[in-house]
Every structure is written in structure tokens, then in C-alpha cells.
Amino acid sequence: MQIRGNTLRKIINGLEAGDWSAKELVTAYANQAKEKQVVTHAFIDVHEEAALVAANESDQRRARGESRSRFDGVPIAIKDNLMVAGHRATAGSAILKDYIAPYDATVVKRLKQDGGIVLGKTNMDEFAMGSSTETSYHGPSKNPWDIERIPGGSSGGSVVAVAEGSAPAALGSDTGGSVRQPAALCGVVGLKPTYGRVSRYGLMAMASSLDQIGPVTRTVDDAALLLREIEGRDLNDSTSLEIKNEWRLPDSLSTSIKGLRIGLPKEYFVSGMEPGVETAVRATADRLTELGAELKEIELPHSKHALAVYYVLMPCEVSANLARYDGIRFGLRESGDSLEDTYCRSRGSGFGREVRRRIMIGTYALSSGYYDAYYLQAMKVRRLIANDFARAFSDVDCILTPTTPTVAWKLGEMSDDPLSMYLQDIYTVSVNVAGLPAITFPSGLSEGLPVGAQLIGRQFDEKTILGAAHTYEIAEGGFDRFLPPEIN
Ligand code: GLN
């Protein structure tokens, strides 16, 4: 069967109409995933056998008229920092290279309960730290638009799988941009939900006050479908919330933005951005005006500190969260002469350079004498950044920005230059710092490579940003032109 460019919606409709079976779907996607694995390396593991068993069960249920939900029989790719019971969960790290997940993450459990099928685990930067997938222990993924370029990160594998058509949709995690940045660089849709909308139980924690799980899809409509499937209160994650009625997404997204007030932050359209990126995003802004939106320049004066705040708070939380990988409780153990020696050897050889760098920075920033100067100070500026957004949202309904300052760069170009790599997160981190929802969608091409535009919304107002992005998508005749060229 033909699977390239298929949307989640199309797959679901086809299953319901009997155009294809779950078994046919899983077979086609698993073959594609395996075939591309050696070219673009989206997947770490393809769970072909388990997925085929699940597909047969799904087909039998459907034949009996007992389908569990519209997701029954739908294959989804899962980032490797999410638990899928009985399968390897490495988070892209040597320290967990043989670790088998003992339970399902809540998002995975919900999908499975509804008949959804895990197609496999996707490649990622080690413990989600990076913007290129180059820090993965398994080696980098490649951008399907040009395999000499990075796909972005850290959810690079999930994004490549969807962009090249090895999976109709995927889940990633976003702590500072890890769903949105790769989605932008590969020409797909990526959604970072409001902090608290989706349970993180079973997601390997990176920075707990920033982490969210989000959908990677070909269309905005698909992102809404998948979000509805995974969202909501979970007793295993005390930060997750019951979805109130006014937060709920309608089954069909809005297709009108008449009178919608969209803010353009003047701090986001300054030097450092590639001209091609600016041109594309400004053209998207113009298109939104033609469609009836009202554009307003706004100010987010503290956004210039967002990267600094993120790169203090995130490593602090990383240093605490990664303390558990001690060679005793999880994963790799390298025995030494004493307990401390065992810790040192296991962590020293199990963690890669970027992870070690962040643990050291975080431990330093939290240490006595420095805590007030770094962590506490960053927490105060975090509040100011959140206040900027709150103020802006009294004037506008959502905010449009570029998702990334550049298009995809060449593999290796920045891997020895952490600071340049961190600068790539300039437009995405504020959203996590303030706990807001944001979506990236294809905005245009620059030098033949995809550019993403980002819409940021009020807390729990995913409805508005999804509706606006969907309106744009419909007006543009869909995002089919963002299907990467076929590579063999
Ligand atoms: N690129 C960012 C970082 O390296 C974001 C990572 C993420 O969202 N997981 O921290």
C-alpha cells in the first residue's frame, strides 16, 4: 500500500472504511521504517513483531465490530525516552543501552488501551539534551531533505519518521524546543502542550519544571487528534490536570481567524535570524492578515534573558534528575574499588560529554554559595518572562514568531561548539520557561530547506493556536509541498 505523505486522519478513515487493515498498515510502515533506518536513522528499534501481533488483534476486534476507538490499529512512533513495557528504553544513552522498560508511560498506556500500536522507538539526543540528535549514543539521525544535514533535536528521530513517512505520527518531548525545533527543520507540525496538559509519567525526566510530551504530525488537524488522545489528569503525575470544558479541543478545528489578534514580538525579529527564515515567517504573517487576523507589534522585554535563564534552570534540574543513574539502580555498572568509585566509573563512562557538561554546570549552580547568584536569580527572571507573556496576552490572542533562527545545518558543523548550538533554542525556550503551549508549522522554504513558524498561546488555549495554524494550512492548500524529496 501507498503510505508516503499519509495523514493520521486518512489512516483512521481508511481503517474505518475497510480500505486497509491494521496488519497492512503496520507491515507497510515497519518495512519503510527498516528500509530508511540505514539512510536517515529515525528509529533505534522497530518493534515489528509486537506491532504485528497488536495489529492482528486490532483487525479481529474491528471484524467483530468491537473497535476500541478511532486509534484502534493506528501505528505511532515513540521517542526513546518514553517507556514501552518490555522494550528497550535507552534515551539515546550508553548508560541505559540495555535497559528494558518495566511499564508503559501513561501516554503509551492510553494509546494502547485505545488500540493504538507502538511502531518502535525513535532516536534522540542523549537524555534529550541537544538540538541535532548528534549526542545520541546510537549515532545521529539525518534530515530527509538533505542527509548531510542534521534533522534538529532532541526529538530528531520522531520528526524524521513522520517527515519521511515511516510513521503517520509520533510522540516527542519538549523541554526547551525539542519537538518544535526539529519539526521546523524537517517541514512537519510539532506541538508543545501547556505544562500540565499531558502526563509525564514514564517519561525519563530531564528538567521536570519544563518537560512536556507533544505530538509530531504532518497536519495541524492530526496534532489536535493526537493531543486529545494523550491529554488529561493522571494520578501518577501530580502536575497533570483534568481538562476543563473551555480547554477542550473541538472535533473539527476552527477555519476562521477573522478578528484574531496576533502579536509579533519585536525582540524576535532582530539580527541573528537568517534572511530566508525572516522572509518566510513575514510572508506567513501577511497571509494570516489576508485571512482576517489583525497583527500587532508587541514587546516581550525580558525575552533576551530567556536563554540564560533556561541554561541555568535546566542543568540544575538535570543534575538532580540524573543522579538516579548511579550504576546501582539502573543500567550500566562499572564496578570499582568502593561504592564511590563505582558511581564515578559508571557515570563517567555511561554519560556522554554534553550530559556530563550539564550535570557539572547544574551541580555548580546549585552548590552552596552559588545557589542565590544562579538558581534563585534565574527563578526570579523566569517570573518576569512569564509576566511579559501575561501582559502581552491582554492585548493579543496569540503570538507569531519564527521557530528557529536558521534552517538545518550540516552534520558536525556545531557539534564542538555548545554555545552556538544553545543559541539555536532562542525562539523556543521562553515557551517552556513560561509553561505555555506552542505549535510549529511549515511556513516556507529557504534555500530549498523547510522553515517553521511558531504560534504561542495562552495557558491551556491550544484551541486558538491550533485553529489559527489550521486556518493557514487550509488556505495554503495543505502542507503536501513539505514532503521531502524521495531518497534511496
Ligand atoms: N535543545 C534544547 C536543549 O538542548 C532543548 C532540549 C529539549 O527540549 N529536550 O536543552
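Just follow the structure's listing: the first ligand is 1, and inside any ligand the first atom is 1. As a basis for the values below, the full set of heavy atoms in this structure was taken, side chains included, without hydrogen atoms, waters or symmetry mates. Every value quoted in this text rests on a predicted model; they were computed, and no experiment measured them. If you read the sequence from its start, that first residue is 1, and numbering goes on from there.
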Worksheet entry | Side chains of Arg358 and Met206 in contact at under 4.5 Å (non-hydrogen atoms) | yes
Worksheet, complete the sentence: Within 4.0 Å of some non-hydrogen atom of Met206, the atoms of ligand 1 are 9 (N), 10 (O)
Discussion item. Polar contacts were defined as any N/O atom of the residue lying under 3.5 Å from an N/O atom of the ligand; does this apply to Gly176 and ligand 1?
Written reply: yes
Worksheet item: With a 4.0 Å heavy-atom cut-off (strictly under), which part of Asp425 contacts ligand 1: side chain, backbone, both or neither?
Response: side chain
Worksheet item: How close does the nearest protein non-hydrogen atom get to atom 6 (C) of ligand 1, and which residue and atom is it?
Response: Ser178 OG, 2.9 Å
Worksheet item: Which atoms of ligand 1 sit under 4.0 Å from any heavy atom of Ser131?
Response: 1 (N)
Practice prompt. For ligand 1, indicate whether the residue Gln181 contacts it via side chain, backbone, both or neither (heavy-atom separation under 4.0 Å).
Written response: neither
Practice prompt. Check the side chains of Ser154 and Asp125 for a donor-acceptor pair under 3.5 angstrom, ignoring hydrogens and angles.
Written response: no
Item to complete: Find all atoms of ligand 1 within a distance of less than 4.0 Å from any non-hydrogen atom belonging to Asp174, and give their numbers and elements.
Response: 8 (O)
Item to complete: Pick one of side chain, backbone, both or neither for how Tyr310 approaches ligand 1, counting any non-hydrogen atom pair under 4.0 Å.
Response: side chain
Discussion item. Going by the rule side chain to side chain contact (heavy atoms under 4.5 Å, CB included), which residues pair with Leu235 if we only count those two or more places apart in sequence or in a different chain?
Written reply: Arg233
Worksheet item: Taking the six-membered ring of Phe269, is NZ or CZ of Arg282 closer than 6.0 Å to its centre and within 45° of its axis?
Response: yes
Discussion item. If you measure every N or O of Gly153 against every N or O of ligand 1, does any of those distances drop under 3.5 Å?
Written reply: no
Discussion item. Test of understanding: given a 4.0 Å heavy-atom threshold, classify the contact between Arg358 and ligand 1 as side chain, backbone, both, or neither.
Written reply: side chain
Worksheet item: In terms of side-chain geometry, is the basic nitrogen of Arg88 or Asp45 positioned less than 4.0 Å from the acidic oxygen of its partner?
Response: yes
Fill in: Passing candidate, side chain to side chain donor-acceptor pair (under 3.5 Å) with Arg180, options Asn432, Thr404, Thr403
Asn432
Fill in: Min heavy-atom dist Ser173 to ligand 1 below 4.0 Å
no
Worksheet item: Do His138 and His41 have their ring centres less than 6.0 Å from each other?
Response: no
Worksheet item: Does the side chain of Leu185 come within less than 4.5 Å of Trp409's, by heavy atoms?
Response: yes
Worksheet entry | Ala128-ligand 1 polar pair, N/O distance under 3.5 Å | yes
Fill in: Residues Arg9 and Thr219: side-chain donor-acceptor under 3.5 angstrom
no
Item to complete: Mark up the atoms of ligand 1 that fall under 4.0 Å of a heavy atom belonging to Tyr311, in ascending order.
Response: 2 (C), 3 (C), 4 (O), 10 (O)
Worksheet item: So which bit of Ser154 gets within less than 4.0 Å of ligand 1, heavy atoms only: side chain, backbone, both or neither?
Response: side chain
Worksheet item: Considering distance alone, does some N or O of Gly177 sit under 3.5 Å from an N or O of ligand 1?
Response: yes
